[in-house]
There are 2 protein chains.
Amino acid sequence: MYLSKSCIHGLRAGILLASKNSNSFVTIKQLSNELDISFYFLTKVLQQMTKAGLLESYKGPNGGVKLARESTLISFMDVVEAIDGKALLEDCALSLPGCGILKPCPMHDQWSVMKQEISAMLNDATLEKLAEMNYAVKNPGAEIDQLHKKSFF
Amino acid sequence: MYLSKSCIHGLRAGILLASKNSNSFVTIKQLSNELDISFYFLTKVLQQMTKAGLLESYKGPNGGVKLARESTLISFMDVVEAIDGKALLEDCALSLPGCGILKPCPMHDQWSVMKQEISAMLNDATLEKLAEMNYAVKNPGAEIDQLHKKSFF
DNA sequence: CTATATTAAGATATAATACTCTTAATTCTA
DNA sequence: TAGAATTAAGAGTATTATATCTTAATATAG
């Protein structure tokens with residue numbers, strides 16, 4: 001499985017918003033500070049999520065972004081689809097276009113099963129649950145593993 | 001799951017070599033023609049596989065490349081590791097560095113299980129088996145789906 | 001109505017990946 | 001030994017992904 005950085009950023013922001021559990025707007029500046037992500041880049045990512053209907057945004061003072069619906073109704077999968085597209089779990093196995101039922105690639109069947117399991121997992125993981133798990137969205141890596149510090153989760 | 005194009009090219013070449021089931025060298029030119037992959041690019045990819053010990057190469061007339069060991073002893077996973085590195089199945093879940101047993105990310109446990117299943121699948125898929133499945137390594141996509149023609153499998 | 005806070009959109013810059021070309025090294029054959 | 005066949009290695013270009021900056025649009029507050 002491989003998600004783009006944009007996607008990871010979007011997920012982290014989504015989880016953080018869910019954990020705030022507030023109905024008012026949170027500025028992107030605030031989010032980018034807490035997550036230690038470039039404000040500019042995060043802005044772009046959140047714009048995608050807004051266009052996809054996952055977030056609601058508001059300009060001007062007291063503006064910002066917030067979840068467009070309850071955190072129980074937004075899944076990990078929703079975010080992935082909004083940012084990285086549906087190809088990841090629609091395309092065959094190892095993202096081998098041209099593969100299909102007609103002429104399945106060698107791993108088609110096995111992969112189909114796994115794909116379903118993964119989809120189920122990602123659909124089941126709502127932002128609420130993820131926020132509940134209380135994972136330090138804010139930079140656990142720093143404390144644990146100095147080597148792997150590509151930022152994130 | 002997401003593999004680089006280099007990796008897909010390498011896999012296709014490996015499967016094709018396995019299907020030829022010959023002990024003599026096959027020129028990269030030949031492989032690139034059959035697979036419809038740029039000769040130059042394929043050369044680079046196969047060089048990586050040679051360095052990783054998956055292929056054996058030989059220069060000069062009657063030279064080329066061949067599998068360095070029996071096709072039963074080279075797995076899909078071997079090729080992926082040689083080209084895309086081990087990160088794919090070593091890193092956590094959704095490639096979130098910083099995640100570990102100490103401070104697992106929200107999907108850590110679930111993903112660990114899936115990761116093992118996927119690893120098992122990829123380890124079990126030897127080039128021999130893949131070649132046996134007789135999948136047209138040579139461009140099935142063209143016949144089936146004109147839209148998806150990014151080359152491949 | 002003006003100044004300020006904020007997201008949206010577009011333009012630019014940098015980095016990673018994909019792809020191409022050229023030259024060097026090796027080996028065979030005649 | 002000369003010439004041809006072939007991979008290896010390095011350099012160059014193209015495309016895509018990541019990241020930054022600037023300007024525009026929208027909203028609030030005073």
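Below, chain A is the first sequence line, B the second, and so on; all start at residue 1. Every value quoted in this text rests on a predicted model; they were computed, and no experiment measured them. Heavy atoms only: backbone and side chains are in, while hydrogens, waters and symmetry mates are out.
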Next on the checklist: Using whole Å, what does the distance between atom P of nucleotide D:dA19 and atom CD1 of A:Ile28 come to?
Outcome noted: 16 Å

Checklist entry - Base, sugar-phosphate alone, or nothing: which one does B:Leu46 contact when heavy atoms must sit under 4.0 Å apart? => result nothing

Checklist entry - Could you state the CZ-P distance from A:Phe41 to C:dT7, rounded to the nearest angstrom? => result 17 Å

Checklist entry - Start at the 5' end of DNA chain C and walk down; is the nucleotide closest to B:Ser6 or to A:Phe39 reached first? => result A:Phe39

Checklist entry - Within the structure shown, what part of the strands sits under 4.0 Å from B:Ser4 by heavy-atom distance: base, sugar-phosphate, or nothing? => result sugar-phosphate

Checklist entry - Does the side chain of B:Ser57 get closer than 4.0 angstrom to OP1 or OP2 of D:dA8 through an N or O atom? => result yes

Checklist outcome for this item: Between NZ of A:Lys59 and C1' of D:dA24 the distance, given in whole Å, is 8 Å

Item to check | Whole-Å distance separating the CD1 atom of A:Ile8 from the P atom of D:dT18 | outcome: 10 Å

Checklist entry - Quick one: which of D:dA9, C:dC28, C:dA5 gets closest to the side chain of B:Pro61? => result C:dC28

Next on the checklist: Nearest whole Å is fine: how far is C:dA15 P from A:Lys5 NZ?
Outcome noted: 12 Å

Checklist entry - Can you find a pair of side-chain heavy atoms, one from B:Leu55 and one from B:Leu17, that are under 4.5 Å apart? => result yes

Checklist entry - Are B:Met114 and A:Ile118 close enough that some pair of their side-chain heavy atoms sits under 4.5 Å apart? => result yes

Checklist outcome for this item: A:Ile83 atom CD1 is separated from D:dT16 atom P, nearest whole Å, by 20 Å

Checklist outcome for this item: Comparing nearest nucleotides in DNA chain D, the 5'-proximal residue of the pair A:Asn62, B:Gly60 is B:Gly60

Next on the checklist: Between B:Leu46 and B:Val26, is there shared hydrophobic-cluster membership here, with clusters defined by ILVMFWY side-chain heavy atoms closer than 4.5 Å?
Outcome noted: yes

Checklist entry - What is the distance from CZ of B:Phe25 to C1' of C:dC28, rounded to the nearest Å? => result 13 Å

Checklist entry - Among C:dA11, C:dC19, D:dT22, which nucleotide sits nearest the side chain of A:Lys44? => result C:dA11

Next on the checklist: Strictly below 4.0 Å: does A:His9 bring a side-chain N or O up to OP1 or OP2 of D:dA19?
Outcome noted: yes

Item to check | Separation of A:Glu117 CD from A:Leu122 CG (nearest 0.5 Å) | outcome: 11.5 Å

Checklist entry - So do the side chains of B:Arg69 and B:Asp78 get within less than 4.5 Å of each other, counting heavy atoms only? => result yes

Next on the checklist: So, does A:Lys51 get its side chain near the phosphate of C:dA9, meaning an N or O under 4.0 Å from OP1 or OP2?
Outcome noted: yes

Item to check | Earlier contact from the 5' end, DNA chain D, for A:Tyr58 and A:Ser38 | outcome: A:Ser38

Checklist entry - Within this structure, what is the OH-to-P distance between B:Tyr40 and C:dC21, rounded to whole angstrom? => result 5 Å

